[in-house]
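Naming: A, B, ... by sequence-line order, numbering from 1 per chain. From a predicted model like this one, the values you see are computed outputs, not experimental measurements.
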There are 2 protein chains.
Amino acid sequence: MLSKTAEYALRATIYIALKGSEDDKLGIEEIAKGIDSPKSFTAKILQLLTQNNRVISSVRGPNGGFFLTDRARKLPVKAILEAVEEANVITKCVLGLKECSETRPCPMHTQYKDIKKQLKQMFEKTSIQQLVEEFNKGNYFIDNLKGVRKPC
Amino acid sequence: MLSKTAEYALRATIYIALKGSEDDKLGIEEIAKGIDSPKSFTAKILQLLTQNNRVISSVRGPNGGFFLTDRARKLPVKAILEAVEEANVITKCVLGLKECSETRPCPMHTQYKDIKKQLKQMFEKTSIQQLVEEFNKGNYFIDNLKGVRKPC
DNA sequence: GTAAAAAAGGACACAAATATCCTTTTTTAA
DNA sequence: TTAAAAAAGGATATTTGTGTCCTTTTTTAC
C-alpha cells in the first residue's frame, strides 16, 4: 500500500512526536534504531520532512536533532504523505485508470469508493497529536516502536 | 496502493471477462490496447495468471488467445492478486510493522483496522463474475476500458 | 576561536519493478 | 505437411526505489 519511504516517514514522525520535544531533540541514530529503519536512508527522508511543509523541525550541532513544534503536531497524517509525495493513495483509482469518477467509474468503483473515502478521512482527520494523545491515554500497548512504552 | 503489475493483472482479467469467451478468445495485442498497457509486459503478467491458479486460460496458435472459464469467473478478485503475489495488501500493517495486531497494535491500528477489513472483504467477496454482471446490468458507464461499452 | 557534535548534502551502489525484444514452441488451417 | 498465427520463454534494458558512504555546513560548548 505505502512505499518504504512513506512508512519510514510515518514511523519516524510518530516516534519523534512520542519521544522527543523541543528541549529533548532526537538524533538520527536513535530514531533509526527506534523505528527499525536504515539510518542514512531515514536521514534523507527526514530532510524531506523538514523541507516540504515542515512536518519536522531540526537543529544542527551539539544537542541538535529532530523535534515537532506544536504547530506540526496539529497537522494531519496526510501532511507526512504529502511531504514524501505519496498522498495520491487517497485519491487514486484501484485499477490505476487515469479517469475514474462517479460518472465514469472503473469496474471496481462501486466496491471501492467508500473504502477510498474512509482512507481519505483517516489521513485527513487524524492529526499527529491525536495519535500521541491516544497513546498517552494508554490505548496502545506498543513497544513496536522500540523504546516507546505505554505509560503506567 | 497496488503495483503496475497488479493493476494490469486486474484490468486485463476484467477486460477478458467482459469482452472474450472460449469461442472468442482475445489476443495479447487487443488486450494491451484495450487496457492501455505495454504489450510485452502484459504478456508476462498473463503468463503468471495462466500458471498460478489459472485465473486465465489460453490456447496457442491461430485463433488462439486468452479467455476465462466459468470456474475462473467465479473466483474472487483476490485470486488475481494472489497470482501476482500481491494479496498481502489485505493483511499488511499501514506502517509496515512486522508485528501489528489487536493485542500489539501500531499507532494507527485503531484508525486503520476497519478499513483493512473492508479492503479484505472487497477482494474476497467480489467475484470476477459479479463485476461482469454489474456491467451487464448497466450500472457502469465505462468506456474506460477501451472498446468495452455499456449495453444499450 | 577551536574542537566536537549534529544535520545537510552529494555521489554513488544495489535491488526491484517495469518494459522491450527476439527466439522457440504449439496449434491451426489450408 | 507446411505456412502462419499465436502464446511461451529467455535475455536484456531502463527506470525507480532503496540504501550506503563520505564530505560539508552549522551550531554549541568549552
Side-chain angles (χ1 to χ4, degrees), chain A residues 1-13 15-16 20 22-52 54-68 81 83-86 88-89 96, chain B residues 1-13 15-16 20 22-52 54-68 81 83-86 88-89 96:
Chain A
M1 158 109 110
L2 296 176
S3 66
K4 287 284 169 203
T5 299
E7 284 177 6
Y8 297 153
L10 291 168
R11 302 222 295 259
T13 306
Y15 186 84
I16 297 168
E22 181 147 14
D23 295 328
D24 191 9
K25 308 183 200 75
L26 304 183
I28 184 61
E29 189 107 36
E30 178 187 351
I31 296 165
K33 281 217 177 87
I35 67 171
D36 189 26
S37 68
K39 193 178 79 170
S40 299
F41 189 47
T42 307
K44 286 274 186 293
I45 295 165
L46 293 194
Q47 270 182 53
L48 286 178
L49 292 170
T50 54
Q51 290 160 358
N52 307 2
R54 301 193 61 75
V55 179
I56 293 180
S57 303
S58 66
V59 217
R60 302 202 227 189
N63 289 320
F66 299 93
F67 67 99
L68 267 72
L81 296 183
V84 296
E85 274 157 345
E86 225 163 303
N88 56 324
V89 246
Chain B
M1 158 107 112
L2 296 176
S3 66
K4 288 282 172 206
T5 299
E7 285 177 6
Y8 297 155
L10 291 169
R11 303 224 292 261
T13 305
Y15 186 84
I16 297 167
E22 182 147 13
D23 295 328
D24 191 10
K25 308 185 199 74
L26 305 183
I28 184 61
E29 189 107 35
E30 177 186 354
I31 296 165
K33 280 218 177 89
I35 67 171
D36 189 28
S37 67
K39 192 177 80 171
S40 298
F41 188 48
T42 307
K44 287 275 188 290
I45 295 166
L46 294 194
Q47 268 182 55
L48 285 177
L49 292 170
T50 53
Q51 290 160 359
N52 307 0
R54 301 194 61 76
V55 179
I56 292 179
S57 305
S58 67
V59 219
R60 301 203 226 189
N63 290 320
F66 299 93
F67 67 98
L68 268 71
L81 297 182
V84 296
E85 273 157 347
E86 224 164 305
N88 56 324
V89 248

Undergrad: For D:dG19, does OP1 or OP2 lie under 4.0 Å from any side-chain N or O of A:Y8?
TA: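 Checking D:dG19 against A:Y8, a side-chain N or O does come within under 4.0 Å of OP1 or OP2.
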
Undergrad: Of all residues at least two apart in sequence or in a different chain, which pass the side-chain contact (heavy atoms from CB on, under 4.5 Å) check with A:D23?
TA: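 A:D23 satisfies side-chain contact (heavy atoms from CB on, under 4.5 Å) with A:S21 once adjacent residues are dropped.
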
Undergrad: Would you classify B:L48 as touching base, sugar-phosphate or nothing, given that sugar-phosphate means primed atoms plus P, OP1 and OP2, and contacts are heavy atoms under 4.0 Å?
TA: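 The residue B:L48 makes no contact with any strand.
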
Undergrad: Answer yes or no: does a side-chain N or O of B:Q47 lie under 4.0 Å from OP1 or OP2 of D:dA7?
TA: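 The answer is no; no side-chain N or O of B:Q47 sits under 4.0 Å from OP1 or OP2.
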
Undergrad: Rounded to whole angstrom units, what separation is found between the CZ atom of A:R11 and the P atom of D:dT18?
TA: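 It works out to 12 Å between those atoms.
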
Undergrad: Can you establish whether the number of heavy atoms outside A:E85 located under 6.0 Å from its atom CD is more than 12?
TA: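 Result for CD/A:E85: open.
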
Undergrad: Starting at atom CG of B:L46, determine the distance to atom C1' of C:dT20, rounded to an integer number of angstrom.
TA: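 Checked: the CG to C1' distance equals 16 Å.
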
Undergrad: Between A:I16 and A:L68, which heavy-atom pair has the shortest distance, and what is it?
TA: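 Scanning both residues completely, I find the closest heavy atoms to be CG2-CD1, 3.5 Å.
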
Undergrad: Distance check needed: D:dG17 P versus A:E85 CD, whole Å only.
TA: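 Result: 10 Å.
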
Undergrad: Once each nucleotide of nucleotides 20-30 of chain D is scored for protein heavy atoms under 4.0 Å, what B/S/- sequence comes out, 5' to 3'?
TA: BB---BBBBS-

Undergrad: Send over the distance from A:L26 CG to C:dA5 P, rounded to a whole Å.
TA: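 Spelled out: CG on A:L26 to P on C:dA5 is 18 Å.
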
Undergrad: Tell me: CD1 of B:I16 to P of D:dA6, nearest whole Å?
TA: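 In whole Å, D:dA6 P and B:I16 CD1 are 15 Å from each other.
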
Undergrad: To the nearest Å, give me how far apart NZ (B:K4) and P (D:dT16) are.
TA: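 The answer, rounded to whole Å, is 11 Å.
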
Undergrad: Report the nucleotide, chosen from C:dG9, C:dA19, D:dA8, that has the shortest atom-to-atom distance to any side-chain atom of B:T50.
TA: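 In terms of side-chain proximity for B:T50, the closest of C:dG9, C:dA19, D:dA8 is D:dA8.
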
Undergrad: Suppose we screen for side-chain contact (heavy atoms from CB on, under 4.5 Å). Which residues come up paired with B:E29, at least two apart in sequence or across chains?
TA: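 Once residues adjacent in sequence are excluded, the partners of B:E29 under the side-chain contact (heavy atoms from CB on, under 4.5 Å) criterion are B:K33, B:K39.
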
Undergrad: What does B:Q51 touch in the nucleic acid at a heavy-atom separation under 4.0 angstrom: a base, only the sugar-phosphate, or nothing?
TA: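 Here B:Q51 touches the backbone only, sparing every base.
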
Undergrad: Mind checking what makes side-chain contact (heavy atoms from CB on, under 4.5 Å) contact with A:T5, not counting sequence neighbours?
TA: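 For A:T5, the residues satisfying side-chain contact (heavy atoms from CB on, under 4.5 Å) (neighbours in sequence not counted) are A:S3, A:F41, A:I45, A:V84.
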
Undergrad: Whole-Å distance between C:dC21 P and B:I28 CD1?
TA: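 Result: 15 Å.
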
Undergrad: When the distance from NZ of B:K25 to C1' of C:dT28 is rounded to whole Å, what number comes out?
TA: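 Computing the B:K25:NZ to C:dT28:C1' distance gives 10 Å.
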
Undergrad: Are any of B:S58's side-chain N or O atoms less than 4.0 Å away from OP1 or OP2 of D:dA6?
TA: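 Checking D:dA6 against B:S58, no side-chain N or O comes under 4.0 Å of OP1 or OP2.
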
Undergrad: B:E7: which residues meet the side chain to side chain donor-acceptor pair (under 3.5 Å) condition with it, sequence neighbours left out?
TA: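 B:E7: side chain to side chain donor-acceptor pair (under 3.5 Å) contacts with A:K92.
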
Undergrad: Can you list everything that forms a side chain to side chain donor-acceptor pair (under 3.5 Å) with B:S37? Sequence neighbours excluded, please.
TA: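 Side chain to side chain donor-acceptor pair (under 3.5 Å) list for B:S37, sorted by chain: B:T42.
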
